[in-house]
Amino acid sequence: MTVRSPLVQITETAIDPREVEKAVWSTADGAMVTFSGVVRDHDHGRDVLDIEYSAHPTAQDVLERLCDEVATEHTSPDLEKGGPLDPRRSVRIGAVHRVGVLPVGEVAVVVVAVAPHRAEAFAACSELIERLKRGVPIWKRQRFTDGVSEWVGVGDC
């Protein structure tokens with residue numbers, strides 16, 4: 001059984017973390033962990049003006065696959081019934097990433113992980129944001145207040 005993620009999206013519009021939480025949480029969940037990545041005003045000692053995020057057309061599909069994988073990996077099996085995943089012990093993850101030009105203070109990414117217990121929710125949220133940064137084809141161009149810009153995360157593209 002694979003755990004399906006209730007909300008995975010690449011968007012050009014502002015992200016409200018509470019809306020992502022509402023889409024993911026259910027009454028079976030005793031824990032909800034939310035990570036919001038926000039554009040900060042500095043990087044490596046330089047003042048940041050804004051960040052432009054760009055996504056490959058496959059970015060949403062890759063993000064959805066990663067969310068489903070992480071949720072499935074962190075969902076406990078039903079040991080009393082021989083080992084299949086137990087929906088009552090299910091971890092679910094929602095993830096929304098923004099594209100476009102974002103000024104300092106704007107939310108760029110939100111990851112929400114819910115589970116019956118906190119350990120699984122914390123672990124899944126942390127794992128998903130790390131896999132997102134490594135594996136989802138989203139790149140950013142930072143513009144600095146001195147007029148210089150640089151691409152970050154373009155790897156071998």
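- Put simply, the side chain of D68 never gets that close to the backbone of R65: no donor and acceptor are under 3.5 Å apart.
- Rounding to the nearest 0.5 Å gives a distance of 12.0 Å between CD1 of I51 and OG of S149.
- Crowding of R46 atom CZ: a count of heavy atoms from other residues, nucleotides or ligands under 6.0 Å exceeding 12.
- Rounding to the nearest 0.5 Å places CG of D41 at 6.5 Å from CG of D47.
- A 4.5 Å side-chain heavy-atom check between I93 and C125 finds every atom pair outside the cut-off.
- Here the side chains of T11 and V99 are not in contact, with every heavy-atom distance at 4.5 Å or above.
- Under the 4.5 Å side-chain heavy-atom criterion for ILVMFWY residues, no single connected hydrophobic cluster contains both F144 and W139.
- Here the straight-line distance linking atom OG of S36 with atom CG of D16 works out to 9.0 Å at 0.5 Å rounding.
- Put simply, the side chain of L7 reaches to within 4.5 Å of the side chain of V96, judged on heavy atoms.
- Using a 4.5 Å cut-off on side-chain heavy atoms (C-beta onward), V39 and D50 make no contact.
- A donor-acceptor contact closer than 3.5 angstrom is absent between the side chains of R18 and T34.
- In terms of heavy atoms, H42 sits closest to V48 at C-CG2, 3.7 Å.
- Residues satisfying the ring pair (Phe, Tyr, Trp, His ring centres under 6.0 Å) test with H97, not counting sequence neighbours, are Y53.
- Between the side chain of R92 and the main chain of V24, a donor-acceptor pair closer than 3.5 Å is present.
- Going from atom CG of L66 over to atom CZ of R134 covers 9.0 Å, rounded to the nearest 0.5 Å.
- Contact check on R131 versus E69 returns a salt bridge, with a Lys/Arg side-chain nitrogen under 4.0 Å from an Asp/Glu carboxylate oxygen.
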Do any side-chain atoms of residues 100-115 form donor-acceptor pairs under 3.5 angstrom with protein atoms, and if so which ones, sequence neighbours left out?
from	atom 1	to	atom 2	distance (Å)
E106	OE1	R98	NH1	2.9

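- H56 places a side-chain N or O within donor-acceptor distance of the main-chain N or O of T58, the cut-off being under 3.5 Å.
- E52 places none of its side-chain heavy atoms less than 4.5 Å from the side chain of R143.
- For the pair P6/W25, no side-chain contact is recorded, criterion being any heavy-atom separation below 4.5 Å from C-beta on.
- With T75 contributing its side chain and A71 its backbone, the two residues share a donor-acceptor pair below 3.5 Å.
- Proximity of D43 to Q142: side-chain heavy atoms (C-beta onward) are separated by under 4.5 Å at one or more points.
- L132 and V20 are assigned to two separate hydrophobic clusters, defined by single-linkage of ILVMFWY side chains at heavy-atom distances under 4.5 Å.
- Shown here for V8 and C67, the closest heavy-atom pair between the two residues is CG2-SG, 3.9 Å.
- For D29 (side chain) and A31 (main-chain N/O), no donor-acceptor pair under 3.5 Å exists by modelled atom type.
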